[in-house]
Novice: 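One structure, as C-alpha cells, below. Some questions next.
Bear in mind that the values here come from a model prediction, so they are computed numbers and not experimental data. Convention: sequence-line order gives letters A, B, ...; per-chain numbering from 1. Note that these values count all heavy atoms, side chains included, but never hydrogens, waters or copies made by symmetry.
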Protein chains: 2
Amino acid sequence: MNPNANRPVYLKLRDQIAAAIIDGVYPEGAMLPSVRALAAEQGANPLTVAKAYQQFQNDGLVEVQRGVGMYVVRGAAERLRAAEREAFLRQEWPEIRSRMQRLGLDPAELALT
Amino acid sequence: MNPNANRPVYLKLRDQIAAAIIDGVYPEGAMLPSVRALAAEQGANPLTVAKAYQQFQNDGLVEVQRGVGMYVVRGAAERLRAAEREAFLRQEWPEIRSRMQRLGLDPAELALT
DNA sequence: ATGGCTGTATTATGGCACTGATGCACCCTA
DNA sequence: TAGGGTGCATCAGTGCCATAATACAGCCAT
C-alpha cells in the first residue's frame, strides 16, 4: 500500500504544518494554532499535536512562549524549505527515481501533467 | 525522516522481492529462495519472510508447491509491474509532485541526473 | 522407506510506537 | 485577583511487529 497511508498521525501533522509554514499560511512572527485548537480541528489528541510541534522547537524554527503560544521565528520558512529540499534529494529522490525507472515511468513526462 | 526507513521488515522484504521479480532476478518459472534460506541471508526470522511472501500468493503471482517450494508464475513480472505502476501513479506520484513543487524542484531536470 | 528439504500452523513473548486522560505550571487580560 | 488561555509532564492503555520454539504436512532423491 501507500507508505504514506499508514503513517503515524503526528508525522502527517508535522508534514502538513511544515507545508503551511513554507507556503506562508503561518507567516513569520505569527502564532501557530494552539495544540488544543489544532487537535479539535483535525480530530486528533492534543498530545499528538504537541508531538508534531516538538521537532520544530528542537530545530529552532518556532519559539515557545510558555503560557502564551508558539511563534514562527524569522527566516523559518526559508530554512525549512532548504532543509526539506536537501533531505528530499538525498534520501527520497534516489529511491523514487530508481523505482520509476523500474516501472518504466519517465519523470520528465509526468512533470507536464 | 525517510518514510521508508522505519518500515516493517516484512514490507521492505516484500518490496525487495517484487523488484527482483520485475527485474528478472527471479525469472518466471524459477523457484524463489526458501523462507529459511532468505531469512538466514537477510538476518530475519523465517516467519517474517513467509509473511512477505504471503501477499504474492494471494495475488496469484507465485505458485506454491507444498514440500517443494514457491515458483514465479508466467506473466508475473509484467502483471506485477503494471499493478505497481498503477498504484504509484494513483497514490504516490500526486503527493511527490506537489511536494517537489513546494520545494522548488523540477522533475524534468532531476530526471537527467 | 528414510533423511532432508520444502511451506505452514500454533502459541507465547518482548519490545516499541502511537494514542489517550489527567493534572500542573505558566502567562495574559479583565 | 480570578479566570481562561497557553504548553508540558506523567502515567497508562493498546496494538502491531518481530522473534522464538515446536510441531506438522508434503515432496524428493538416495
Novice: Provide, to the nearest angstrom, the distance between the CG atom belonging to A:L38 and the C1' atom belonging to D:dT6.
Specialist: 14 Å

Novice: Give a yes/no on whether any side-chain N or O of A:Q57 is located under 4.0 angstrom from OP1 or OP2 of D:dC8.
Specialist: yes

Novice: B:L32 CG to C:dT6 C1': how many Å, rounded?
Specialist: 13 Å

Novice: Atom CD of B:E92 and atom CD of B:E84: how far apart are they, to the nearest 0.5 Å?
Specialist: 8.5 Å

Novice: Can you list every pair that meets salt bridge (Lys or Arg N to Asp or Glu O under 4.0 Å) and has a residue in residues 18-35 of chain B, with sequence neighbours left out?
Specialist: A:R102-B:D23

Novice: Could you check how far CD of B:E63 sits from P of C:dT6, rounded to whole Å?
Specialist: 18 Å

Novice: What string of B, S and - do you get for nucleotides 17-30 of chain C 5' to 3' if you count protein non-hydrogen atoms under 4.0 Å?
Specialist: -SSBBBB--BB---

Novice: B:Y53 has an atom OH; how far is it from atom P of C:dA9, in whole Å?
Specialist: 16 Å

Novice: Does any N or O in the side chain of A:R97 come within less than 3.5 Å of the main-chain N or O of B:A111, such that one atom is a donor and the other an acceptor?
Specialist: yes

Novice: So, does B:R85 use its side chain to make a donor-acceptor pair with the main chain of A:L103 at under 3.5 Å?
Specialist: yes

Novice: Linking I/L/V/M/F/W/Y whenever any side-chain heavy atoms sit under 4.5 Å apart, do B:L47 and B:Y53 land together?
Specialist: no

Novice: Side chains of residues 56-74 of chain A: which donor-acceptor partners sit under 3.5 Å, not counting sequence neighbours?
Specialist:
none

